[in-house]
Amino acid sequence: MSAAAYDEMTAADGAIRPHYRAFADWLERTDKARIAQKRDEAERAFHRVGITFAVYGEDAGTERLIPFDLVPRIISADEWALLERGLKQRVRALNLFLADVYHDQRILKAGAIPADRVLGNAQYRREMAGVDVPGGIYAHIAGVDIVRAGAGEYYVLEDNLRVPSGVSYMLENRKMMMRLFPELFATRSILPVHHYPDLLLENLRAVGPKGEESPTVAVLTPGAYNSAYFEHAFLAQQMGVDLVEGPDLMVQNDTVYMRTTRGPRRVHVIYRRVDDDFLDPLAFRRDSMLGVPGLFAAYRAGRVTLANAIGTGVADDKSIYPYVPDMIRYYLAEEPILNNVPTYMLYKPQDRDYALAHLSDLVVKEVHGAGGYGMLVGPTSTAEEREAFRARILAAPDKYIAQPTLALSTCPTFVGAGVAPRHIDLRPYVLSGADIDLVPGGLTRVALREGSLVVNSSQGGGTKDTWVLA
Amino acid sequence: MTAMLSRHANELFWMARHIERAENTARLLDVTYRTSLLPYEPQEPGLAWAEPWAVPLIATGGATAFYQAYPQLSAENVLRFMTLDAGNASSILCCLRAARESARAVRGAITSEMYEDLNSAWLEMRGYDYRRIQAMGVSEFLEWVKMRSHLFRGVTFGTMLRDEAYHFLRLGTHIERADNTARILDTKYHILLPSAADVGGAVDYYQWASLLQSLSGFESYRKIYSDVISPRRVAELLILRDDMPRSLHSCLNFIDDTLELLCDDRNRELRRQSGELHARLHFGRTDEIIRYGLHEYLMDFLERVSRLGDEISRGFLVPAY
């Protein structure tokens with residue numbers, strides 16, 4: 001399959017694609033020893049800066065680096081324009097969908113999406129029905145996973161609308177590339193991304209509770225042992241706002257306060273990186289130590305804004321994903337710009353029969369899975385793995401979907417033996433507040449193992465800097 | 001001044017204390033190491049607590065924990081315990097780890113340079129084992145610890161906004177330093193001389209000299225007094241002089257000034273305690289200290305500093321509301 005994959009840098013006839021030409025020239029004339037030395041330098045610097053993530057299941061507190069690859073993923077101006085329009089369209093529709101399903105449910109009444117798929121979904125939060133949120137925005141930050149199959153042919157794999165992570169890597173990877181190879185940026189044709197935190201802050205301040213002129217923003221983290229803690233701290237620092245943990249907050253009279261050295265101080269907007277379930281032990285999981293008792297009541301009362309809103313999971317759930325193109329048509333009366341991957345919903349007998357007969361060609365995913373855990377990649381699986389999945393699917397068909405294996409594009413990547421193509425994806429970050437914004441770029445993840453299609457950092461994936469050309 | 005999260009203030013306060021403690025542990029071990037090179041005979045055989053290597057354990061209050069973990073007193077065991085022992089919360093290793101954990105918890109409240117500096121200190125520290133310390137030389141290693149602390153202080157001074165975070169950090173540094181200087185000064189009380197006749201003799205002189213050196217006070221002493229080293233003057237220099245950066249008076253100047261900036265009407269008791277302790281140093285006289293007994297004076301001081309730390313905690317760091 002690798003042979004058939006679209007390579008970002010080199011066309012099938014061996015010619016370098018125009019938007020990669022400058023970089024390919026540089027790579028050609030640069031001393032390989034110098035590049036190797038820069039790789040070491042990058043690794044040391046990442047360790048020192050502490051851009052590490054914790055791996056679940058290993059010793060508590062284990063910190064690892066996500067491997068950083070020096071060959072950038074480059075996107076031409078034309079293709080980015082397409083992506084940008086497609087992403088804005090998609091996120092706009094997703095926000096309209098969320099506002100709708102928690103209020104009038106017009107789309108369900110119109111029959112565009114089966115009501116039981118939405119209302120019976122474990123991610124649908126009944127508590128949110130009828131709750132108004134500022135600007136009708138639910139997914140303030142969306143991290144949309146995209147893969148490319150061919151020229152101009154992009155597919156959305158997942159809309160991450162809960163607490164998408166990874167944006168700090170986008171920023172740090174760029175910083176690292178500029179530090180290691182300033183000469184590459186001298187042509188000034190690579191669009192900057194470092195204003196992301198400003199854009200984020202601006203968007204968060206735009207969704208404060210009604211009547212609040214100058215809202216105080218805070219970032220809520222589960223704490224230093226969370227795998228994405230570095231990012232929480234990084235974003236708080238870059239925005240110049242406080243990084244709080246549950247016990248730092250308290251609620252009195254439906255108002256949220258931080259505990260400070262000078263007594264309680266009001267908080268208006270919380271960029272929370274804590275899952276819905278753990279936000280408020282009074283409203284959700286009672287055993288949550290990360291949450292803030294009374295937070296949900298304050299939220300319902302419109303006294304504090306949470307970003308993202310509670311209950312966004314119902315729009316990025318894998319069982320809802322197949323309907324996103326219909327949402328775009330229904331709410332915006334437009335045709336979707338970005339493709340959806342054809343998806344077999346295994347609760348449907350026809351789809352299930354087909355999938356079970358073609359397991360070795362398909363990717364099977366758990367509806368509620370994430371992070372590359374609990375999935376079957378048909379073409380690289382063993383007979384035992386397929387049998388195990390067959391049993392799991394038959395036991396709970398509702399919990400699985402299947403998709404054809406896409407020929408993910410490849411990008412040249414430094415590997416032990418030199419430079420070789422490896423599969424990649426792309427996660428741009430779409431911000432919704434007063435408007436919809438995104439910085440030109442995103443996080444490119446790369447599957448470092450030859451032939452592998454799994455790019456998740458927990459499964460041996462790495463990252464690359466992502467360049468959008470002017 | 002803008003308020004900050006109490007939890008962050010607490011982490012900063014302790015981050016600074018742990019770095020300062022690591023530095024002073026290195027200083028204490030340095031003076032011990034130097035003293036141990038001097039001729040020495042125990043007054044009574046079996047008087048193990050009077051060995052030079054027992055002194056740092058007594059001074060830091062770590063003797064019980066030490067004897068639980070190690071079969072006998074020896075230079076190597078004490079060095080291991082106080083530098084690398086992951087089970088000793090006051091070891092240099094544990095102090096640097098705790099400081100780095102705090103820095104991780106408050107990344108947003110310190111500058112990136114500060115975090116990176118501390119993180120790289122920790123990464124280097126993790127690479128040390130006893131064999132490596134031996135190979136490079138104990139003094140060299142202790143020097144490295146001091147230099148890392150100096151570096152961090154410099155990065156802090158040079159990059160950090162003078163906001164509340166800065167002040168809590170400096171407060172932690174000086175509370176810890178006041179405590180540690182008093183403890184190091186008190187070590188001389190525990191180092192026995194071979195016989196009473198040696199008081200004022202060569203060994204006594206070298207002991208006082210290495211104590212001064214460990215507190216970076218030897219050259220200052222020479223500059224100020226241009227005279228032989230006398231215990232009275234050492235006490236004056238390290239307790240009462242306010243131009244010696246590690247003296248108790250100097251620490252209390254810092255603490256009292258900082259608290260004046262931080263406190264409001266809610267913190268009257270804290271202001272009173274700090275003012276009182278400062279006044280005792282500001283208006284104190286060496287003769288009185290000597291008459292009271294240096295050891296007794298230092299013990300009383302340690303008690304007061306500890307109470308001051310608790311009061312700071314109650315007022316700002318772990319508020320009860």
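Keep in mind the model is a prediction, meaning the values are calculated, not measured.
- Close approach to chain B, defined as a heavy atom under 4.5 Å from one of its heavy atoms, is seen in A:Gln237, A:Asp242, A:Leu243, A:Val244, A:Glu245, A:Asp248 of residues 236-248 of chain A, taken by number.
- Annotation: maximal heavy-atom pairing with chain A below 4.5 Å, among B:Leu118, B:Asp117, B:Leu5, occurs at B:Leu5.
- Contacts between B:Leu123 and chain A at a heavy-atom distance below 4.5 Å involve the side chain alone, from C-beta outward.
- A search for salt bridge (Lys or Arg N to Asp or Glu O under 4.0 Å) contacts involving A:Arg285 returns A:Asp287, not counting sequence neighbours.
- Between B:Phe152 and B:Thr173 the shortest side-chain heavy-atom distance does not fall below 4.5 Å.
- When only modelled atom types and interatomic distance are considered, A:Arg303 and A:Asn253 share no side-chain donor-acceptor pair under 3.5 Å.
- Among pairs with a residue in residues 84-95 of chain B, those fulfilling side-chain hydrogen bond (donor to acceptor under 3.5 Å, both in side chains) read B:Tyr70-B:Asp85, at least two apart in sequence or across chains.
- Contact annotation for B:Asn267: neither backbone nor side-chain heavy atoms come within less than 4.5 Å of a heavy atom of chain A.
- In terms of the salt bridge (Lys or Arg N to Asp or Glu O under 4.0 Å) criterion, residue partners of A:Arg174 (sequence neighbours excluded) are, by chain and number, A:Asp465.
- In this structure, CD in B:Glu311 is found 5.0 Å from CD in B:Gln273, a value given to the nearest 0.5 Å.
- Residues B:Arg21 and B:Trp14 have side chains in contact (heavy-atom distance under 4.5 Å, counting atoms from C-beta outward).
- For B:Ile110, the part lying near chain A is the backbone, with the side chain staying farther off; criterion is any non-hydrogen pair under 4.5 Å.
- Counting only N and O atoms by type, the side chains of A:Arg273 and A:Thr221 include no donor and acceptor under 3.5 Å apart.
- Heavy-atom pairs under 4.5 Å with chain A peak, among B:Phe316, B:Phe168, B:Trp122, at B:Phe316.
- Salt-bridge check for B:Glu269 with B:Arg314: failed, with every basic side-chain N at 4.0 Å or more from each acidic carboxylate O.
- Of all the listed residues (B:Arg107, B:His8, B:Arg7), the one sharing the greatest number of non-hydrogen pairs under 4.5 Å with chain A is B:Arg7.
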